[in-house]
Amino acid sequence: MKNFSYDDFELREIQKLEGHTGKVLGIAWKVDTGVWGFLAVMASWSDDKTVRIWEENLSGLFVCKAVLEASSTVRSCAWSLEYNLLAAGCSDATTVIWKNVGDHAYERIYTLKGHENEVRSVSWDMVGLLLATCGGDKSIWIWEALPGNEFDCASVLQGNTEDVKIVQWDDNNALFSVSSDNTIKVWKETSYNSGDWRCIKTLGESDREHTSAVLSLSFSKDRRRMVSCSDGLTIKIYCDRDYTELWSHICTLSGYHDTTIFAVDWLRELLRWVPEEEDQDPEIYASAGADDAIHIFIEDKDNEVDGLSFKQLLKKEKAHETNINSVKWHSGDKRRLASASDDGTVKIWEFVCPWPAGRIDP
């Protein structure tokens with residue numbers, strides 16, 4: 001990529017979504033929407049015990065098309081590529097499964113029970129047939145979606161000493177978990193469909209890794225790098241150079257947040273073809289937390305350490321009135337970012353930068 005100026009970049013608010021009556025705890029873009037001419041769809045969830053479904057209209061603005069009611073605070077949601085399902089982890093220790101049965105119609109088809117404490121996070125694998133859930137009981141459950149709107153518990157993973165805050169699959173069917181025990185764990189099934197899952201790597205056992213509760217993680221566009229944040233006000237970058245799940249720490253960023261960092265998300269645009277003599281577009285990720293700001297970081301190719309280094313590109317002060325709980329890049333053709341806050345709103349931002357947008361890898 002050619003040289004650029006900081007003035008070439010801007011995070012521009014394009015819409016504020018209101019409707020929740022409590023804190024908005026997260027957002028998730030629906031897989032394969034907002035691309036190839038399809039309108040973008042997003043879910044937001046709250047401690048008001050609802051999930052709201054937002055759909056983009058032809059003017060590029062988002063309208064609430066459905067409100068799904070749960071029996072307790074909704075802590076996490078995830079869309080499935082298969083069966084058109086939405087899973088919601090709740091504070092009453094259940095996971096609710098809704099199915100999109102029409103244009104804007106959702107049917108509650110199943111409630112998963114097993115956790116002894118609130119379900120903190122839910123995540124579908126890349127195919128959309130395995131659902132991971134985790135919670136305050138320190139366990140991870142893996143559920144298999146079956147034909148006929150049925151589910152079966154495939155495995156229960158134990159290994160964390162404190163509550164598990166996030167579960168996230170990669171495209172190699174490895175499962176990542178982050179916890180209040182300061183670790184990131186990588187889980188892998190020993191053989192296909194065996195139901196025997198083992199922890200193959202624990203990040204957090206060296207002095208270069210997190211020393212406080214890990215709160216969020218996200219993968220790069222090529223899935224070889226990972227960013228995580230912790231209650232210790234640090235952001236860390238890891239690399240899996242050979243796609244072997246043997247992740248290693250690359251660099252630590254500190255001093256940019258002076259309060260808890262709740263969320264990080266990597267911009268996962270698929271690489272556009274560029275002539276060999278030109279550099280590829282730099283890596284970018286966003287972070288947010290209790291400082292009410294959205295931070296955008298960009299790869300610093302002039303000061304690379306072991307192949308990767310980052311610097312803060314911009315900071316959007318007062319992006320919300322209070323804590324920002326989640327930031328998610330738009331999974332489609334437009335380069336947009338959504339943020340969710342304790343102020344009860346979701347905001348849609350346009351990220352203005354020097355190179356054209358490409359489809360984002362979900």
Side-chain angles (χ1 to χ4, degrees), residues 13-20 24-46 48-70 74-89 95-110 121-129 131 145 149 168-169 218 263 265-270 286 325-341 344-351 357-362:
E13 182 181 338
I14 59 175
Q15 191 178 5
K16 180 165 71 172
L17 309 181
E18 298 177 299
H20 283 292
V24 185
L25 303 179
I27 61 262
W29 297 96
K30 189 175 183 181
V31 180
D32 283 344
T33 66
V35 66
W36 302 311
F38 292 98
L39 297 173
V41 177
M42 178 181 65
S44 63
W45 54 92
S46 168
D48 66 6
K49 305 179 184 180
T50 69
V51 179
R52 299 180 77 90
I53 309 298
W54 308 86
E55 184 175 300
E56 183 184 18
N57 62 23
L58 295 177
S59 300
L61 299 177
F62 286 82
V63 178
C64 182
K65 293 295 186 177
V67 179
L68 313 181
E69 296 185 358
V74 182
R75 304 290 304 180
S76 175
C77 285
W79 297 95
S80 169
L81 185 63
E82 188 74 13
Y83 299 139
N84 219 8
L85 303 177
L86 177 67
T95 300
V96 179
I97 309 294
W98 280 283
K99 185 171 186 175
N100 186 195
V101 295
D103 286 343
H104 308 120
Y106 289 81
E107 178 184 346
R108 184 169 177 162
I109 63 168
Y110 212 93
S121 177
V122 296
S123 178
W124 293 97
D125 70 349
M126 296 298 292
V127 177
L129 294 177
L131 175 69
N149 298 333
Q168 180 68 54
W169 298 90
S218 178
D265 196 51
W266 209 302
L267 178 62
R268 289 179 292 277
E269 290 187 348
L270 295 181
N325 298 310
S326 180
V327 284
K328 292 291 182 183
W329 292 103
H330 178 228
S331 56
D333 293 327
K334 299 178 182 178
R335 191 177 286 117
R336 293 180 292 195
L337 184 73
S339 58
S341 170
T345 69
V346 174
K347 289 189 177 182
I348 309 296
W349 307 83
E350 179 187 3
F351 181 50
R359 181 176 182 272
I360 297 177
D361 190 19

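Numbering of residues begins at 1 and proceeds along the displayed sequence. Computed from a predicted model, the values in this text were never measured in an experiment.
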Asker: In Å and rounded to the nearest 0.5 Å, what is the CG to OH distance from L86 to Y106?
Answerer: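 It comes to 7.0 Å.
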Asker: Taking all non-hydrogen atoms of both residues, which atom of S341 and which atom of N325 are closest, and how far apart?
Answerer: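 Closest heavy-atom pair between S341 and N325: C-ND2, 3.8 Å.
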Asker: Who pairs with W169 by ring pair (Phe, Tyr, Trp, His ring centres under 6.0 Å), at least two apart in sequence or on another chain?
Answerer: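 Only W197 meet the ring pair (Phe, Tyr, Trp, His ring centres under 6.0 Å) criterion with W169.
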Asker: Not counting sequence neighbours, which residues clear ring pair (Phe, Tyr, Trp, His ring centres under 6.0 Å) with Y83? List them please.
Answerer: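 Partners of Y83 under the ring pair (Phe, Tyr, Trp, His ring centres under 6.0 Å) test: none.
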Asker: Which residues satisfy the side-chain hydrogen bond (donor to acceptor under 3.5 Å, both in side chains) test with S44, sequence neighbours excluded?
Answerer: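 Expected list: H20, W54.
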Asker: Considering residues at least two apart in sequence or located in another chain, which fulfil the side-chain hydrogen bond (donor to acceptor under 3.5 Å, both in side chains) criterion with T95?
Answerer: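 Partners of T95 under the side-chain hydrogen bond (donor to acceptor under 3.5 Å, both in side chains) test: none.
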Asker: Donor-acceptor pairs under 3.5 Å, side chain of residues 57-69 to any protein atom, not counting sequence neighbours: which ones?
Answerer:
unit_1 : atom_1 : unit_2 : atom_2 : d
N57    : OD1    : S59    : N      : 2.9
N57    : OD1    : G60    : N      : 3.2
N57    : OD1    : L61    : N      : 3.0

Asker: Can you name the residues that form a side-chain contact (heavy atoms from CB on, under 4.5 Å) with A286, not counting sequence neighbours?
Answerer: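 Per chain and number, A286 pairs via side-chain contact (heavy atoms from CB on, under 4.5 Å) with I296, V327, W329, L337.
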Asker: If only atom types and distance count, is the side chain of S76 paired as donor or acceptor with the main-chain N or O of S121 below 3.5 Å?
Answerer: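 No.
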Asker: By salt bridge (Lys or Arg N to Asp or Glu O under 4.0 Å), which residues pair with E55, not counting sequence neighbours?
Answerer: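 Salt bridge (Lys or Arg N to Asp or Glu O under 4.0 Å) check on E55 returns nothing, list empty.
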Asker: Do we see a donor-acceptor contact under 3.5 Å between the side chains of R52 and S46?
Answerer: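 Checked: R52/S46 side chains show no N/O donor-acceptor pair below 3.5 Å.
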Asker: Who pairs with E107 by salt bridge (Lys or Arg N to Asp or Glu O under 4.0 Å), at least two apart in sequence or on another chain?
Answerer: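 Salt bridge (Lys or Arg N to Asp or Glu O under 4.0 Å) check on E107 returns nothing, list empty.
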Asker: With sequence neighbours left out, write down each residue that passes side-chain hydrogen bond (donor to acceptor under 3.5 Å, both in side chains) with T345, or none if nothing qualifies.
Answerer: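 With neighbours one apart ignored, the set is H320, D343.
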Asker: Hey, does the side chain of N100 reach the backbone of G102 with a donor-acceptor pair shorter than 3.5 angstrom?
Answerer: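 Yes: the side chain of N100 pairs with the backbone of G102.
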Asker: Can you list everything that forms a side-chain contact (heavy atoms from CB on, under 4.5 Å) with K99? Sequence neighbours excluded, please.
Answerer: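 With sequence neighbours excluded, K99 shows a side-chain contact (heavy atoms from CB on, under 4.5 Å) to L85, V101, I109, N149, given in chain and number order.
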Asker: Please identify each residue that fulfils side-chain contact (heavy atoms from CB on, under 4.5 Å) with F38, with sequence neighbours left out.
Answerer: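 In terms of side-chain contact (heavy atoms from CB on, under 4.5 Å), with neighbours along the sequence ignored, F38 is linked to W36.
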Asker: Which residues pass the side-chain hydrogen bond (donor to acceptor under 3.5 Å, both in side chains) test with W124, sequence neighbours left out?
Answerer: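 W124 satisfies side-chain hydrogen bond (donor to acceptor under 3.5 Å, both in side chains) with no other residue.
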